[in-house]
Amino acid sequence: MKLTDNKKFPLEASLVDRYRENPEGVFKSSHQKVNKSRETGLERFNNIGLPTTKLEQWRSTNLSKNYNTDYTIGATKPDFDKEINEIFNCTIHGFNTDVYALLNGWYYSPDNKRLEVLDDGIIIGSMIKAQEEYPELFDEYYDEIAQNNDHGLKAINSALYTDGLFLYVPDDVQSERTIQLVKMVNLESNIMVNTRNLIILGKNSKLSFLHCDDSINQHTGFLNTNTEIFIGENASLSLYKLQNINNQTSLINSTTFQQKSNSNLNVILLSFNGGKLRNEFHIDLMGEFANADISAMYLMDNEQHVDNQVKVMHSAPNCTSSELFKGVLDDKASAVFNGYIYVARDSQKTAAFQKNANILMTPDATIDTMPFLEIYADDVKCSHGATVGQIDSEALFYLMQRGIPEKDAKLLLIYAFITEVTSKIDILPLRISIDDMVKKRLRGDLYICDKCVLHCSKPEMPVEFVLDMSKI
């Protein structure tokens with residue numbers, strides 16, 4: 001394999017050097033399929049390099065600052081000298097989850113234990129351990145749908161990923177628990193982290209999964225994650241993705257789903273903070289009567305940027321999909337929505353709907369929205385729409401006429417706008433907590449809690465709206 005040294009960006013050379021200089025670290029598994037994927041990924045990366053604004057799907061997301069930053073790449077495995085609850089503690093009242101974590105790209109396991117097998121048969125743990133302990137299962141699914149050829153960041157992830165989460169739900173297991181993955185970065189230098197996740201749901205299975213991206217400090221980070229998710233026949237997955245990282249960090253989140261017949265997928269993406277966030281969802285409805293529902297909320301301010309790329313492939317008849325993306329952009333924040341729905345020639349009786357709605361709080365906030373349909377079947381119901389605007393002046397006037405100050409009235413309107421997404425959260429304690437986060441995010445530093453119309457869920461601060469909400 002020929003590796004050229006003529007790289008446009010310092011990061012490109014650093015990534016290739018990391019591969020060359022640390023073969024033992026890169027090829028830490030003797031698993032043949034993984035090692036071949038690493039070689040193929042680097043060769044692909046060497047040919048196409050890092051994605052730039054010259055590419056159509058990247059023209060509104062400029063990562064050149066990241067490409068010119070000096071990062072620690074693939075940091076050595078940290079010392080896991082604490083239990084996870086000493087580092088991260090979920091404070092959502094009444095919400096009990098099984099918490100697992102990645103720290104600086106490595107699966108967090110203080111005693112370096114083997115994969116866990118839970119009481120109901122669910123297997124969970126490190127990607128590295130999965131290769132060793134379940135090689136046949138791992139080999140059947142790993143790198144089968146990852147779309148590594150899409151761009152250079154996916155290719156280099158395949159080549160250099162350190163670790164990640166492996167999760168397998170056996171046939172007929174309908175878990176009542178919620179599994180939570182917390183991905184944390186904590187290093188005294190700038191860091192680039194490449195992680196890889198593999199999630200498999202067997203036939204007739206059910207899982208609720210919460211994935212959180214968090215920053216512990218304010219160092220510059222570049223997080224590059226690639227996740228493969230397989231949803232078997234008649235299986236159901238609820239995926240909640242929460243993004244709350246510092247403004248110095250960029251996150252590339254690439255997730256590919258494969259759905260078999262009668263399967264159901266429910267995704268709720270909640271983006272609260274981050275310097276640059278890019279979420280790529282590739283969903284392939286391969287079996288008849290499969291359904292996918294993807295909803296997202298993004299609240300951006302300052303110079304934050306979020307880019308949501310969604311591609312839904314209707315590859316079988318009688319499948320349904322729905323997309324709802326709603327955003328509020330303040331200050332000089334920017335956003336991108338690129339929604340692509342493809343209906344194959346024999347995918348009759350398809351129903352596919354897509355909506356992107358945005359509120360721009362200032363003249364400097366921007367949104368680039370691009371809904372798109374490509375349909376080759378004739379018996380379908382498909383639609384898409386996009387709206388960009390400011391707060392409804394009539395609704396604002398209605399609230400102010402009832403004695404609500406203008407600032408509080410704006411908060412109420414934005415909150416009502418966002419709750420169309422958050423109301424879809426099926427887990428009540430989680431929905432209450434997310435609603436509180438939305439309220440706090442909307443308040444910023446401008447409001448004192450006891451004077452805010454959007455009270456958080458505290459018993460001593462009940463909230464009652466004696467308004468006709470249909471008016472707003």
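No experiment lies behind these values; they were computed from the predicted model shown.
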Engineer: Identify which one of Phe281, Phe325, Phe372 satisfies the ring-ring contact (aromatic ring centres under 6.0 Å, His included) criterion when paired with Phe337.
Structural biologist: Phe325
Engineer: Side chains of Tyr298 and Asn279: any donor to acceptor distance under 3.5 Å?
Structural biologist: no
Engineer: Calculate, to the nearest 0.5 Å, the distance between atoms CZ and CG belonging to Arg18 and Leu160 respectively.
Structural biologist: 7.5 Å
Engineer: Do Ile252 and Leu223 have side-chain heavy atoms sitting under 4.5 Å apart?
Structural biologist: no
Engineer: Does any N or O in the side chain of Glu228 come within less than 3.5 Å of the main-chain N or O of Ile145, such that one atom is a donor and the other an acceptor?
Structural biologist: yes
Engineer: May I ask you to decide whether Glu56 forms a salt bridge with Arg59, counting only side-chain N to carboxylate O separations under 4.0 Å?
Structural biologist: yes
Engineer: Ignoring hydrogens, what is the shortest heavy-atom contact between Asp143 and Ala146? Give both atom names and the distance.
Structural biologist: OD1-CB, 3.6 Å
Engineer: Do His384 and Ile341 have side-chain heavy atoms sitting under 4.5 Å apart?
Structural biologist: no
Engineer: Return the CD1 to CG distance between Ile231 and Leu201, rounded to the nearest 0.5 Å.
Structural biologist: 6.5 Å
Engineer: Test Lys183 against every option in Asp214, Asp163, Asp213 by the salt bridge (charged side-chain N to carboxylate O under 4.0 Å, His left out) rule and name the one that passes.
Structural biologist: Asp213
Engineer: Name the orientation class of the two ring planes belonging to Trp58 and His151 (parallel below 30°, tilted from 30 to 60°, perpendicular beyond 60°).
Structural biologist: perpendicular
Engineer: Is a donor from one side chain sitting under 3.5 angstrom from an acceptor on the other, for Gln243 and Ser271?
Structural biologist: yes
Engineer: So do Asn253 and Lys241 actually touch side chain to side chain, heavy atoms under 4.5 Å?
Structural biologist: yes
Engineer: Quick check: closest heavy atoms across Met300 and Leu277, and the distance to 0.1 Å?
Structural biologist: CE-CD1, 4.2 Å
Engineer: Do we get Arg38 above Tyr161's six-membered ring, with its NZ or CZ under 6.0 Å from the centre and within 45° of the axis?
Structural biologist: yes
Engineer: Can you tell me which residue among Lys355, Lys326, Lys424 is in a side chain to side chain contact (heavy atoms under 4.5 Å, CB included) with Ser295?
Structural biologist: Lys424
Engineer: I'd like to know whether CG of Asp379 has more than 12 heavy-atom contacts from other residues, nucleotides or ligands below 6.0 angstrom.
Structural biologist: yes
Engineer: Is the closest basic N to carboxylate O distance between Glu288 and Lys349 below 4.0 Å?
Structural biologist: no
Engineer: Write down the atom of Asn273, the atom of Asn247, and the distance for their closest heavy-atom approach.
Structural biologist: OD1-OD1, 4.5 Å
Engineer: So do Ile124 and Leu165 actually touch side chain to side chain, heavy atoms under 4.5 Å?
Structural biologist: yes
Engineer: Looking at every heavy atom in both Phe166 and Ser126, which two are closest together, and how far apart are they?
Structural biologist: CB-O, 4.0 Å
Engineer: Judged by modelled atom types alone, do Tyr71 and Asn66 share a side-chain donor-acceptor pair under 3.5 Å?
Structural biologist: yes
Engineer: Using only heavy-atom distances, determine whether the side chains of His314 and Ser347 contain a donor-acceptor pair under 3.5 Å.
Structural biologist: no
Engineer: Would you check if there is a donor-acceptor pair between the side chains of Asn246 and Thr249 at a distance under 3.5 Å?
Structural biologist: yes
Engineer: How about Phe138 and Tyr142: are their ring centres within less than 6.0 Å of each other?
Structural biologist: yes
Engineer: Calculate, to the nearest 0.5 Å, the distance between atoms CG and CG belonging to Asp293 and Leu239 respectively.
Structural biologist: 12.0 Å
Engineer: Determine whether the side chains of Ser37 and Ser158 contain a donor N or O and an acceptor N or O closer than 3.5 Å.
Structural biologist: yes
Engineer: As an exercise, state the distance from CG of Leu15 to CD1 of Ile156, rounded to the nearest 0.5 Å.
Structural biologist: 5.0 Å
Engineer: Drop me the distance from Leu442's CG to Leu413's CG, to the nearest 0.5 angstrom.
Structural biologist: 11.0 Å
Engineer: How far does NZ of Lys203 sit from CG of Asn234, to the nearest 0.5 angstrom?
Structural biologist: 10.5 Å
Engineer: Is the closest side-chain heavy-atom distance between Asp307 and Glu280 below 4.5 Å?
Structural biologist: no
Engineer: For residues Gln309 and Asn338, is any side-chain donor paired with an opposing acceptor at under 3.5 Å?
Structural biologist: yes
Engineer: Quick check against the 3.5 Å criterion: does Glu323 have a side-chain atom that pairs as donor or acceptor with the backbone of Ile294?
Structural biologist: no
Engineer: Can Asn226 and Ser254 be counted as having a side-chain donor-acceptor contact under 3.5 angstrom?
Structural biologist: no
Engineer: Measure the shortest side-chain to side-chain distance between Val182 and Gln180 over non-hydrogen atoms and say whether it is less than 4.5 angstrom.
Structural biologist: yes
Engineer: Less than 4.5 Å apart, any side-chain heavy atom of Leu102 and any of Leu181?
Structural biologist: yes
Engineer: So Leu285 and Phe257, do their side chains get closer than 4.5 Å, heavy atoms only?
Structural biologist: no
Engineer: Looking only at the side chains, is there a donor atom on one of His282 and Thr255 sitting less than 3.5 Å from an acceptor on the other?
Structural biologist: no
